[in-house]
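Below is one structure; the comments refer to it alone.
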Number of protein chains: 2
Amino acid sequence: MAKSAARLKDIAQQTGFSVNTVSLALRGSPRIPDETRRQIVEMADKMNYLPNQVAKSLVMKETRSIGLVLTDITNPVLTAVAQAVELELSRLGYITLFATSNNQLDLERKVIETFRQRRADGMLIFPCNHRQIDHIRKLRARNYPVVLLVGDPDAGVDAVCMDERAGAFKATTYLIDSGHRRIALIHSGGENGNFEKLDGYKMALAAAGIPFDPDLLVASRGHDVRNGFGAMETLSGRTTGATAVFCSNDSLALGALRFCTVRGISVPRDLAIFGFDNIEFAEHAATALSSVNYDIEAITGLAIERVISLINAKAEWPAPRVTLVEPDLVIRESTAGQWRPASRIG
Amino acid sequence: MAKSAARLKDIAQQTGFSVNTVSLALRGSPRIPDETRRQIVEMADKMNYLPNQVAKSLVMKETRSIGLVLTDITNPVLTAVAQAVELELSRLGYITLFATSNNQLDLERKVIETFRQRRADGMLIFPCNHRQIDHIRKLRARNYPVVLLVGDPDAGVDAVCMDERAGAFKATTYLIDSGHRRIALIHSGGENGNFEKLDGYKMALAAAGIPFDPDLLVASRGHDVRNGFGAMETLSGRTTGATAVFCSNDSLALGALRFCTVRGISVPRDLAIFGFDNIEFAEHAATALSSVNYDIEAITGLAIERVISLINAKAEWPAPRVTLVEPDLVIRESTAGQWRPASRIG
DNA sequence: CCTCGTAGTATTAACGATAATACAGCACCG
DNA sequence: CGGTGCTGTATTATCGTTAATACTACGAGG
């Protein structure tokens with residue numbers, strides 16, 4: 001903290017008015033006549049006065065800060081979310097407190113506690129596990145404004161999130177409609193109990209009367225480019241006859257694409273690849289990647305709106321509401337054209 | 001802010017001790033006997049007490065928060081910096097306040113002011129312009145702990161940053177040593193007065209006795225993949241005989257690489273490409289990219305160390321110190337092999 | 001037996017702001 | 001001419017914590 005910032009008291013002493021008069025003048029109270037205000041404002045400028053937000057927060061019982069808990073900020077989607085949230089909140093006069101849980105439940109608990117200690121007015125949370133959110137439910141029970149950015153409809157906590165099931169369904173259906181019958185799924189969500197994308201994939205197959213083949217399912221160890229490469233390697237080692245691969249995120253898809261480049265598998269001729277999230281690099285990959293678009297602006301916008309409405313809810317505390325945003329597909333080169341039986345991999 | 005959090009006063013009332021006794025007990029003062037402490041701690045747990053950091057900050061005159069001003073969090077380097085800073089600061093018991101200046105000087109001023117109002121104990125700043133930092137100098141003059149993450153040695157403000165000149169020198173020299181004589185530079189830093197990389201490039205040429213050719217210099221409009229593609233297009237439209245391209249960041253290099261892919265220019269056979277920053281996607285590009293490594297851990301670690309030492313400096317306020325971290329090269333496929341006169345572009 | 005130190009606890013004063021209330025002085029009105 | 005209301009300002013309380021100081025009881029020492 002700066003050693004010796006000017007306080008209201010200092011301005012009061014210099015101008016000869018009382019602290020309260022100075023405070024009122026600077027806040028534009030109509031009870032202070034223009035001449036008095038002029039003197040005070042002038043002195044405040046001269047002394048480089050900046051109100052102490054800490055003191056203000058204490059008496060006003062609001063910090064105008066909102067905590068954002070991310071699992072991992074290097075994930076391009078979360079980076080973009082962080083950016084969008086910070087931008088919108090600063091527009092609304094809030095500061096954003098960031099913390100990353102690094103996908104560890106105990107760390108998540110700790111950062112939430114830290115935010116609570118700092119009296120963040122509300123929180124936006126990407127829980128590291130959809131199924132273990134008791135500590136978050138407890139927050140809500142104590143009337144703390146919380147909005148999840150990934151959530152179950154039956155979580156009992158407000159949430160605004162992408163309808164991953166619908167996204168996976170749409171993408172898989174698109175591949176089916178393009179003539180594919182043997183569609184692999186490279187999936188990373190398993191460990192945290194995220195089966196929405198798998199569900200959507202299965203539903204699309206079922207809707208088209210295609211039986212689900214476990215051989216076409218590859219569980220990647222993590223969710224970055226390297227894991228995508230490895231998963232694609234695993235897949236190509238099986239005899240599956242896959243003509244398309246749907247990846248549960250774009251980094252995995254880029255890894256799969258790179259594997260194809262290295263092995264001379266032509267995309268989309270030999271293999272179509274569909275990603276998820278539509279990150280910036282998807283568009284600019286060696287072969288531009290088709291992807292399920294994560295509409296970050298829409299989701300963060302709604303989540304912020306919700307958390308602020310909870311903050312402003314005085315007496316009547318509304319029932320939790322889960323908003324699902326249905327994603328659109330972005331079709332690019334990696335899934336171009338109708339697929340006709342020709343070459344296959346594996 | 002949560003509607004009804006337990007306060008010291010509430011614990012005091014429940015246990016029958018005074019507020020001060022409760023405070024001392026919870027902070028582990030030796031003056032409180034074990035039995036008293038036990039009762040108080042028990043009650044605190046039962047009431048789910050969490051100290052109010054706002055009140056604490058007010059009286060302790062420190063918020064244990066540090067502001068980080070970034071130009072643009074979607075820049076992968078800055079994302080990684082944000083992550084590293086947040087991680088290290090949280091380890092040290094600080095919270096990180098983020099804000100982005102979006103490369104606008106007035107916004108930068110505004111967010112710095114916001115941090116000052118919130119009494120951040122110190123700030124780490126990526127200034128949007130190396131040359132216009134008067135407002136930051138003024139901060140330091142008021143004994144506010146600030147450390148720049150990009151800086152001039154003569155800025156008069158503490159800074160810890162990558163030696164971009166040395167990095168550019170090293171990369172260009174590497175290309176020269178690989179046999180290249182016609183080395184283009186795709187450069188984005190111009191508008192903000194960042195000429196370090198250009199300088200390093202020119203120094204390397206001069207050291208090798210190669211004359212600088214302005215035709216080989218392409219100023220990109222921005223610094224993302226699209227701009228790299230465009231810049232490469234511009235370059236290939238000139239008759240320059242370039243055999244290598246050094247790009248002032250990896251996104252530009254990825255764009256250049258993509259242009260080559262599209263136009264059938266083989267990398268590195270027809271053209272070597274060297275990037276800058278060594279972002280994650282550089283390694284996983286269609287052709288793995290050689291790059292100047294930005295040692296984020298080292299730089300953020302030193303910067304944090306410095307800002308904290310400034311925070312703890314009581315009376316003696318040390319003279320500003322600029323620390324330059326010399327980067328290493330990461331050589332990958334995109335600059336593989338010695339270059340022999342064969343095909344050229346342009 | 002009276003002082004003195006000390007252990008345990010309480011009281012009071014900060015921190016820097018806002019909010020509620022109080023109090024002059026003056027104009028207006030019946 | 002006394003009350004009433006307004007205008008401009010000051011006083012006081014409050015937010016939840018820490019820090020400095022004050023008190024009380026008790027045991028030890030001269």
Side-chain angles (χ1 to χ4, degrees), chain A residues 1-41 43-44 47-65 93 114 116-121, chain B residues 1-41 43-44 47-65 93 114 116-121:
Chain A
M1 199 179 285
K3 315 294 178 201
S4 57
R7 299 156 303 168
L8 286 183
K9 195 178 175 186
D10 301 318
I11 300 176
Q13 270 160 8
Q14 292 298 312
T15 56
F17 292 102
S18 76
V19 168
N20 187 269
T21 302
V22 173
S23 175
L24 287 171
L26 292 176
R27 283 181 293 152
S29 159
R31 301 193 62 174
I32 308 292
D34 288 348
E35 170 56 17
T36 304
R37 187 193 319 282
R38 217 211 71 248
Q39 286 179 45
I40 290 175
V41 168
M43 182 55 69
M47 300 179 77
N48 206 270
Y49 173 75
L50 260 192
N52 184 329
Q53 177 69 40
V54 174
K56 212 164 167 169
S57 294
L58 185 58
V59 58
M60 309 255 288
K61 293 174 165 301
E62 67 163 14
T63 55
R64 295 202 76 81
S65 65
T114 304
R116 210 151 71 82
Q117 235 174 284
R118 292 182 179 265
R119 299 305 193 260
D121 294 340
Chain B
M1 200 179 283
K3 314 296 176 192
S4 57
R7 300 155 303 168
L8 288 182
K9 197 177 172 186
D10 301 318
I11 300 175
Q13 272 162 5
Q14 292 298 314
T15 56
F17 292 102
S18 76
V19 168
N20 187 268
T21 302
V22 174
S23 175
L24 287 172
L26 292 176
R27 282 181 292 152
S29 160
R31 301 192 58 177
I32 307 293
D34 287 349
E35 170 56 18
T36 305
R37 188 194 318 285
R38 216 211 73 246
Q39 285 179 44
I40 290 175
V41 168
M43 182 56 70
M47 300 179 79
N48 206 269
Y49 173 75
L50 260 193
N52 184 330
Q53 178 69 40
V54 174
K56 209 163 167 172
S57 295
L58 184 58
V59 57
M60 309 256 285
K61 291 171 165 302
E62 67 163 14
T63 55
R64 294 202 76 80
S65 64
T114 304
R116 209 151 71 81
Q117 241 177 272
R118 292 184 177 263
R119 299 304 193 261
D121 293 339

*Under a criterion of less than 4.0 angstrom to any heavy atom of chain A, what are the 5'-terminal and 3'-terminal contacting nucleotides of DNA chain D?*
D:dG8 to D:dG16

*Base-contact (B) and sugar-phosphate-only (S) positions in nucleotides 9-18 of chain C, heavy-atom cut-off under 4.0 Å, - elsewhere*: BBB---BBSB

_Residue pair A:Arg116 / B:Asn48: nearest heavy atoms and the distance that separates them_ = NH2-OD1, 2.8 Å

*asked:* Give me each pair satisfying salt bridge (Lys or Arg N to Asp or Glu O under 4.0 Å) with a member in residues 10-32 of chain A, each pair once, sequence neighbours excluded.
replied: A:Arg7-A:Asp10

*Applying side chain to side chain donor-acceptor pair (under 3.5 Å), name anything that partners B:Ser29, two or more places apart in sequence or on another chain.*
none

*Looking only at atom types and distance, does a side-chain atom of A:Thr15 sit under 3.5 Å from a main-chain N or O of A:Ile11, one as donor and one as acceptor?*
yes

*For the helix from C:dC1-D:dG30 to C:dG30-D:dC1, what is the angle between the axes at its two ends, each from 5 pairs, rounded to 10°?*
80°

*Applying salt bridge (Lys or Arg N to Asp or Glu O under 4.0 Å), name anything that partners A:Arg37, two or more places apart in sequence or on another chain.*
none

*Under the side chain to side chain contact (heavy atoms under 4.5 Å, CB included) rule, what do B:Glu35 and B:Gln39 come out as? Steps first, then yes or no, please.*
CA-CA 6 Å; B:Glu35 170 56 18; B:Gln39 285 179 44; 3.2 Å; yes

*Of all the heavy-atom pairs spanning A:Ala12 and A:Ser18, show the shortest one and how long it is.*
CB-C, 3.9 Å

*What distance do A:Leu24 atom CG and A:Ile40 atom CD1 have between them, rounded to the nearest 0.5 Å?*
9.0 Å

_Exam field: side chain A:Arg119 to backbone A:Leu58, donor-acceptor pair closer than 3.5 Å_ = no

_Reported OG-to-NZ distance for the pair A:Ser23 and A:Lys56, which is rounded to 0.5 angstrom_ = 8.5 Å

